[in-house]
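Read the numbers this way: they start at 1 and go in the same order the structure lists the ligands and their atoms.
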Amino acid sequence: MSKTQQAASRYQISLRLILIVPFVVQIFTAVGLVGWLSWRSGQRAVNDLATNLGHEITARVHQKLANHLEIAETVVQLNIDAVQLEALDLDQHPEAAAYLFQQLLRFPQLTGVTLATEAPNYVGIAEANDGTRVLTLWNRSDVGVVDYFLDGKGQIVAISKVDQDYDHRQRPWYVNPTIAGIAQWQAPYLTINPARLTISIDQPFYDQVGNLLGVSDAELSLASISDFLSTLKVGKTGQVFIIERTGHLVATSSGQLPYQLNPETEEPERISASDSDDRLVARTTEFLHQKFEGLDQIQDNQQLSFRLDGQCQFVQVMPFHLTEGMDWLVVIAVPESDFMGEIHRNRQTTVTLCGAALLLATGLGLLTTRWLVHPVQTLALAANGLSQGKWQQPVTLPRVQELAWLAQAFNRMAHQLQSYFQKLEYSAYHDALTGLTNRNGLQVALQAAMDQSDGNLFAVFLLDVDNFKLINDSFGHLVGDQLLVAIADRLKQILATATVLPPQTQITLARFGGDEFFILVNPVTDVTQAIGVASHLLANFHSPFTIDNREFFIKTSIGIVLSPVGGDQPESFLRNADIALYAAKNAGKASYKVFDAKMHAIAVERLQIETDLHHALKQQEFILHYQSVVDLKTFEIKGFEALIRWQHPHQGLMPPTCFIPIAEESELILDIGWWVMETACRQMYIWQQQFNDCQTMTMSINFSSKQIFATNCLDQVEHILKITGVDPRQIILEITESLFMQANDATESKLRSLRNLGIQLSVDDFGTGYSSLSYLYQFPLSGLKVDRSFMQQLPNHAQKTAIVEAIILLGQKLGLMVTAEGVETLVQLAWLQDKGIEQVQGFLFAQPLAAETLTMQLANDIKLAPLEH
Ligand code: C2E
Ligand code: CA
Ligand code: CA
């Protein structure tokens with residue numbers, strides 16, 4: 001993973017995560033929701049079930065209890081009816097006892113029936129613990145109450161006991177209902193023998209006038225209610241129990257007795273429900289106590305629930321209120337778990353199904369994610385590779401349609417990018433015009449040559465088309481470009497046929513733009529072989545190039561650099577090739593030069609001079625010397641040539657040959673040239689003012705071609721003439737032949753304008769250029785200067801002598817003032833005189849002198865004597 005990828009992944013979320021997380025969240029939510037809903041509906045079902053069960057059971061309990069108790073109520077009423085209808089005579093004890101016995105047999109739930117009267121009379125049968133029945137009889141005549149044991153058929157077996165103090169008319173069960181005047185249930189009471197919780201109903205009865213006759217009583221054992229309750233199924237572990245408002249247990253479905261034996265007195269006593277052995281019964285009662293702050297407060301049916309041992313317990317409470325005195329609470333308590341078995345099973349199934357669904361969904365999610373993410377990853381990797389320039393096989397198309405489209409588009413894009421890149425790469429290393437290697441390409445090749453040289457020599461040839469600019473300016477860039485292409489082709493051809501080079505030689509042909517061509521030849525055996533190549537190149541440029549049916553004769557100069565002298569960097573190598581080329585051009589056109597250390601030193605010096613030149617004008621380091629021009633007949637001074645000198649702060653007085661060519665290569669020559677003109681004009685004006693002889697003298701000023709070509713040339717000249725006040729007719733501008741090679745109509749009109757100002761124009765260094773002579777009459781010239789190189793061998797060198805003769809003749813014929821310069825000897829002078837030349841200039845008469853020196857001389861005499869040195 002790249003650094004950028006790492007940095008990116010720190011802040012970004014992976015596609016896999018984006019796909020998986022919402023997916024899993026959705027699934028979890030859906031499954032969770034379904035689970036929760038099913039749990040909730042289960043819960044509701046449990047609640048409903050509990051409620052329904054509660055309702056059903058309470059209804060049944062109510063029904064049963066009512067039935068159970070109603071029998072007692074009915075029997076009590078029946079017996080009263082029997083007495084009042086005189087069907088039953090209480091005085092007839094045996095018949096009455098038999099009647100009651102029959103009654104007990106008929107209603108087995110009754111444990112006792114009694115009829116007691118005010119008379120007093122008392123007939124009652126009650127059940128003993130062992131199931132035997134005891135008959136109790138008393139009437140007013142008897143001494144006391146007598147208990148008899150009865151057998152199974154109701155026959156008296158024996159006397160149980162006699163109680164002389166007992167009087168039912170003082171017992172609460174008898175008294176209370178007589179006070180109330182209606183049937184009344186007595187609070188449950190414990191009988192000791194048999195130990196039993198019993199409940200009785202007692203109803204008073206009266207004669208026609210309302211006098212109390214007695215009380216009819218029936219007894220029920222509450223054990224029978226417990227028995228009934230235990231038959232009820234309340235869930236698995238649910239309980240139904242009945243309590244009094246006091247909290248005492250009346251009956252339970254658990255079979256627990258509602259009383260217990262006191263271990264001290266060994267007598268039975270009632271149990272409070274909250275003390276029950278059964279935890280559910282005890283806790284439920286406690287809960288009800290807390291909930292309602294006392295059981296008395298519960299008036300209606302209640303459905304409640306509370307938690308016990310972390311489980312919900314459903315509770316249903318029903319106040320049971322029958323006839324007067326009967327006020328109980330029927331309580332049903334069922335643990336939630338009783339209903340939960342099925343629900344649990346359902347829930348387990350749901351959980352299992354949900355889990356399976358989750359697993360399936362996640363698996364599917366992972367699979368689809370893989371389907372989506374894998375191609376995207378592949379694409380991302382491919383794109384990453386592409387960004388690092390690694391061209392690779394097209395990405396295989398994934399099966400997901402949209403991704404396949406994407407991959408297709410990507411492949412197309414990669415293909416296009418690759419072809420663009422290849423084109424770009426080509427153009428990065430090739431010249432657009434000629435298709436040759438460009439600067440980058442050559443540098444790479446050079447570096448490779450350097451790295452792999454292994455002691456072998458290699459050479460770079462720098463070819464410059466002489467005066468290419470002229471062609472460009474004269475025939476337009478289109479022709480120039482065509483010519484460059486033709487030159488490139490020619491070079492390829494020449495190099496392919498260079499027999500001096502063995503066939504395995506590596507040749508790199510390059511062009512950086514412009515008219516310079518580089519050739520890297522690797523390897524070369526030695527300098528001689530390199531020179532051989534250069535000569536071969538020069539020789540093959542003799543034949544002309546034909547472009548648009550026009551013939552062009554091209555000459556080139558070649559700079560040659562060989563390793564290892566050339567440098568250890570491609571850049572320095574190429575720079576040194578340039579230095580060698582410069583040297584070659586300086587040596588004369590159409591030649592070559594091999595780079596050496598001295599050349600380098602010169603180049604460095606040149607650079608220094610160029611740097612220093614920038615300050616020279618501002619710091620007034622230039623001065624002008626003036627060389628006299630002498631009339632050949634009278635030896636009188638006819639004029640002067642202004643020649644510049646540089647008072648260099650470190651190198652002393654420097655001749656113009658050291659710096660003018662350098663200045664010519666830049667715009668510096670313009671500032672220098674205008675300064676020279678102004679200074680020379682001013683000097684001329686001064687002398688003219690000072691000396692009468694100077695009125696007709698001329699001042700020749702060397703005028704750079706660049707000054708002519710400057711757009712502000714005329715303005716500058718006029719300005720100088722104006723500020724110096726010099727007479728324009730006294731000014732001669734010396735221009736070189738090379739100007740005419742570059743001249744066009746504009747140049748011509750410019751020269752005419754100068755001429756019109758009155759200024760004279762003279763051709764300097766005549767005979768050294770290569771131009772045609774036609775310009776001599778085409779342009780408005782007034783004179784020409786025979787170059788001093790012709791003087792040196794005059795008159796011994798026959799050819800040069802002939803040329804000078806021709807020039808003089810030409811000048812005379814064209815009406816031009818011919819001046820010979822560089823005249824040093826009397827022999828030269830004599831020859832020139834013989835040829836009828838008008839003016840001379842040279843050391844024979846005068847050196848270039850400072851203005852002050854000349855001023856003194858002019859004050860003396862304007863005639864000079866030829867003086868050989
Ligand atoms: P030039 O225009 O041909 O100038 C004449 C050169 O010949 C001068 O060299 C002069 O000192 C030298 N000379 C004159 N008589 C003799 C002689 O008898 N024998 C020898 N051997 N030389 C003689 P200088 O002053 O060194 O100038 C060299 C060149 O520098 C000039 O050649 C001219 O082309 C250029 N130059 C000088 N001053 C200026 C200037 O103000 N502007 C421009 N553009 N070029 C200038
Ligand atoms: Ca000159
Ligand atoms: Ca000259």
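Between F595 and H600, the two ring planes are perpendicular [angle over 60°; tilted spans 30° to 60°]. Classified by interplanar angle (parallel below 30°, tilted 30° to 60°, perpendicular above 60°), the ring pair Y626/W687 is perpendicular. F766 and Y775 have tilted rings, their planes meeting at an angle from 30° to 60° on a 0 to 90° scale. Between W675 and F622, the ring planes lie tilted relative to each other; the angle falls in the 30° to 60° range.
Taking distance alone, with nitrogen or oxygen atoms compared against 3.5 Å, Q841 stays at or beyond that limit from ligand 1. Taking any N or O of G842, backbone or side chain, none lies under 3.5 Å from an N or O belonging to ligand 1. By the 3.5 Å distance cut-off applied to N or O atoms, I644 is counted among the residues near ligand 1.
Using a 4.0 angstrom heavy-atom cutoff, E641 counts as in contact with ligand 1. Using 4.0 Å as the threshold, G673 has no heavy atom nearer than that to any atom of ligand 1.
The N, O or S atom of E734 lying closest to the Ca ion (ligand 2) is OE1.
At a threshold of 3.0 Å, the Ca ion (ligand 2) has a backbone or side-chain N, O or S atom of N702 nearer than that distance.
Only side-chain heavy atoms of R645 come within less than 4.0 Å of ligand 1; its backbone N, CA, C and O stay farther off.
Comparing heavy-atom distances from atom 15 (N) of ligand 1 across Q627, R788, H625 singles out Q627 as nearest. Evaluated by nearest non-hydrogen atom to atom 26 (O) of ligand 1, the leading choice among P656, S789, P661 is P656.
Contact of the E868 side chain with the E824 side chain is not registered, since no non-hydrogen atoms from C-beta on lie closer than 4.5 Å.
Here the closest heavy-atom approach between residue D466 and residue A590 is recorded as OD2-N, 3.4 Å.
Applying the 4.0 Å criterion to heavy atoms of D765 picks out, from ligand 1, the atoms 3 (O). For ligand 1, the atoms sitting less than 4.0 Å from at least one non-hydrogen atom of E821 are 3 (O), 5 (C), numbered in the order shown with element in parentheses. Set against the non-hydrogen atoms of V823, the atoms of ligand 1 under 4.0 Å away are 18 (O). Taking a cut-off of under 4.0 Å to the non-hydrogen atoms of P848, the atoms of ligand 1 that pass are 11 (O).
For the residue pair S704/E664, the side-chain donor-acceptor check at 3.5 Å is satisfied. Looking only at atom types and distance, the side chain of K633 has no donor-acceptor partner in the side chain of Q833 under 3.5 Å away. In this model, a donor atom of one side chain and an acceptor atom of the other lie less than 3.5 Å apart for Q443 and E571.
The number of heavy-atom neighbours closer than 6.0 Å to CG of D745, taken from other residues, nucleotides and ligands shown, is 12 or below.
Draw a line from the Ca ion (ligand 2) to OE2 of E641 and another to OD2 of D764, and the angle between them is 170° (to 10°).
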